[in-house]
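Below is one structure; the comments refer to it alone.
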Amino acid sequence: MDKIKIVGGNQLRGKVYISGAKNTALPIICATLLSDEPSTIRNLPILSDIKSLNLLLEQIGTKIEGKQEELNGHTTQTFSYHTPKPESLVAPYDYVRKMRASYYVLGPLLTKYGHVELSLPGGCAIGARPMDIHLSSLEQMGAEIEIKNGYVMADVNGRLHGANITFHSASVGATCNILMAAALAEGVTVIENAAKEPEIADLISMLNEMGAKIEGANTSTLTITGVEKLHGVTHEIINDRIEAGSYAVAAAITHGCLELINANAEHLQSPIDILRKVGVKVEIRPNSIVVDARNCELNGVDIYTDYYPGFPTDLQAQFMALMCVANGASMVTENIWENRFMHIPELMRMGANINVHGHASAIVRGVKKLSAAPVMSTDLRASFSLVLAGLVAEGETTVNRVYHLDRGYEALEEKFKAVGANIERIKESDE
Ligand code: UD1
């Protein structure tokens, strides 16, 4: 397995091009299954998660053609997806276990073809990750669902029908799945307590471009009037707010200055507020955000993760790395996932001073210096937090299990190298 080697101490300066949003790309690629016509998706990030989902769609019978194209100043991927007649309505275990967002085929295949077999993804490193909201909502829309041999077996006789559904948690995944299912259902579906993340608004705009009738984007009440048919479209996805937030922390922690090109400040209001409280200058430009931490003190700030527009759980680990070297104490509370502190023991191996209280809160007391160590983590964002710690640690840090980073951070070493980091990938074959 590849490793990332970082020699800490360099101040980062320059421009980072922010890629298309992974968590928007995944449901949007699956939304193409809702039409017999081809759709083209632009600004896709070059990531292993996109590759994994493409393999699943090919197994279903989707014809996929791809090319790289220059868009908004950097290289992106454009793929066209065409599923006139699926060969299989099964999402097998081997695909779903590699990438749990494979569950986004559930809503589209069930509503369009009346049947789907989806391997249950099970829990993962950050928590149990149940699917009860997805399944009970589909049942309210007329689906018959059975769990058999680890699979969700879902059927509907004729079309799904509209329903008034209230989610017990504002789940991103369930909101996407039910939006896609309801787009082709008979009658009106209302989702109360829907997720409001920008990824949802992007999916809604793609579905409406396809001919769906969805109202309420950016609010917690979504009203979907089902239509009989959707058509193909060309859609360019939004940029990745979590990648942008991650590089913003890289600027802050190295006392550097990075311009995050194509980052959308509207999607990052809470993390920007926190950075400003830390003492970092954040300038919002029409097509970029400049994060400037040169000559400034970093001060500890409390962080509480919450549903959008609250502070994103997917930036908690990165901001915790920043708090490790900030002045004073910071309380970090994880409110979304029950087990999202796996980076803490690794950060402590690098000299961080962190006390965990219960399973949801940690007190971080800033230290003057971190020291390099071989580290690894069990998830994507936690791995990035270790890279951040490595950027300021004394000595050479190696981050193992790079496949986590490859799932969600496009061209990580290239982007970091271009702004002055001493970072390189050690290929397994080099060892
Ligand atoms: C998505 C993101 C993930 C992010 C998370 C929260 C993708 C591919 N992943 O995950 O990076 O951390 O949103 O912003 O977009 N829940 C239930 N029952 C359900 C579904 C969810 O109780 O059926 C609970 C979960 O346990 C969790 C909360 O709802 O506490 C949020 O989960 P959800 O928004 O569904 O996360 P994902 O869509 O899986």
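Start at 1 and go down the list; that is how both ligands and their atoms are numbered. Worth saying up front: this structure is predicted, and the values here are computed from it rather than measured. By convention here, the first residue in the shown sequence is residue 1.
When each atom of ligand 1 is checked for a heavy atom of I336 under 4.0 Å away, the hits are 27 (C), 30 (O), 31 (C). Residue G173 approaches ligand 1 through these ligand atoms, each under 4.0 Å from one of its heavy atoms: 35 (O), 38 (O). For ligand 1, the atoms lying closer than 4.0 Å to a non-hydrogen atom of R129 are 10 (O), 37 (P), 39 (O). Residue-ligand proximity, M131 to ligand 1, at heavy-atom distances under 4.0 Å covers atoms 23 (O). Ligand 1 places these atoms under 4.0 Å from at least one heavy atom of S169: 29 (O). Interface of T313 with ligand 1, defined as ligand atoms under 4.0 Å from a residue heavy atom, comprises 6 (C), 12 (O), 14 (O). Taking every non-hydrogen atom of H134 and a distance limit under 4.0 Å, the qualifying atoms of ligand 1 come out as 23 (O).
Nearest protein heavy-atom neighbour of atom 1 (C) of ligand 1: V172 CB, 4.1 Å. If you check which protein heavy atom lies closest to atom 18 (N) of ligand 1, you get D132 OD1, 2.8 Å. When hydrogens are left out, the protein atom nearest atom 35 (O) of ligand 1 is S171 OG, 2.6 Å; that is the closest non-hydrogen contact. Atom 2 (C) of ligand 1 has its closest protein heavy atom at N23 ND2, 3.6 Å.
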Residue pair R42, I237: steps toward the side chain to side chain contact (heavy atoms under 4.5 Å, CB included) verdict: CA-CA 6 Å; R42 302 178 74 199; I237 64 165; over 6 Å; no

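Side-chain contact check for N262 and N287: at least one donor-acceptor pair (N or O, by modelled atom type) lies under 3.5 Å.
Salt-bridge check for K98 with D49: failed, with every basic side-chain N at 4.0 Å or more from each acidic carboxylate O. Between E58 and K63 there is no salt bridge, since no side-chain N of the basic residue sits under 4.0 Å from a carboxylate O of the acidic one. A salt bridge is absent between R241 and D314; no separation between the charged side-chain nitrogens and carboxylate oxygens falls under 4.0 Å. A salt bridge does not link K67 with E65: none of the charged nitrogens is closer than 4.0 Å to a carboxylate oxygen. The residues E414 and K417 are annotated as not salt-bridged, no charged nitrogen and carboxylate oxygen being separated by less than 4.0 angstrom. Electrostatic pairing of R425 and D406 counts as a salt bridge here, judged by a charged N lying under 4.0 Å from a carboxylate O. A salt bridge links R285 with E259; the closest basic N to acidic carboxylate O contact falls under 4.0 Å.
Heavy atoms of H168 approach ligand 1 to within less than 4.0 angstrom. In this structure, R340 is part of the shell of residues with a heavy atom less than 4.0 angstrom from ligand 1. Proximity of A174 to ligand 1 is not established, as no heavy-atom distance is less than 4.0 Å. Taking a 4.0 Å cut-off on heavy atoms, Y103 registers as neighbouring ligand 1.
The option from T24, N335, I133 that lies nearest to atom 23 (O) of ligand 1, judged by heavy atoms, is I133. Residue W337 holds the heavy atom nearest to atom 36 (O) of ligand 1 of all those in Y307, W337, Y104. Proximity annotation for atom 26 (O) of ligand 1: of P312, C176, P130, G408, P130 comes nearest, heavy atoms only.
Around the OH atom of Y151, the shell of radius 6.0 Å holds more than 12 heavy atoms that belong to other residues, nucleotides or ligands.
When every heavy atom of A244 is checked against every heavy atom of A263, the shortest pair comes out as CB-CB, 3.8 Å. The heavy-atom pair separating L222 from L179 by the smallest distance is CD1-CD2, 3.9 Å.
Of the N or O atoms in D314, one or more lie within a sub-3.5 Å distance of an N or O in ligand 1. Between A101 and ligand 1, not a single N/O pair is under 3.5 Å apart.
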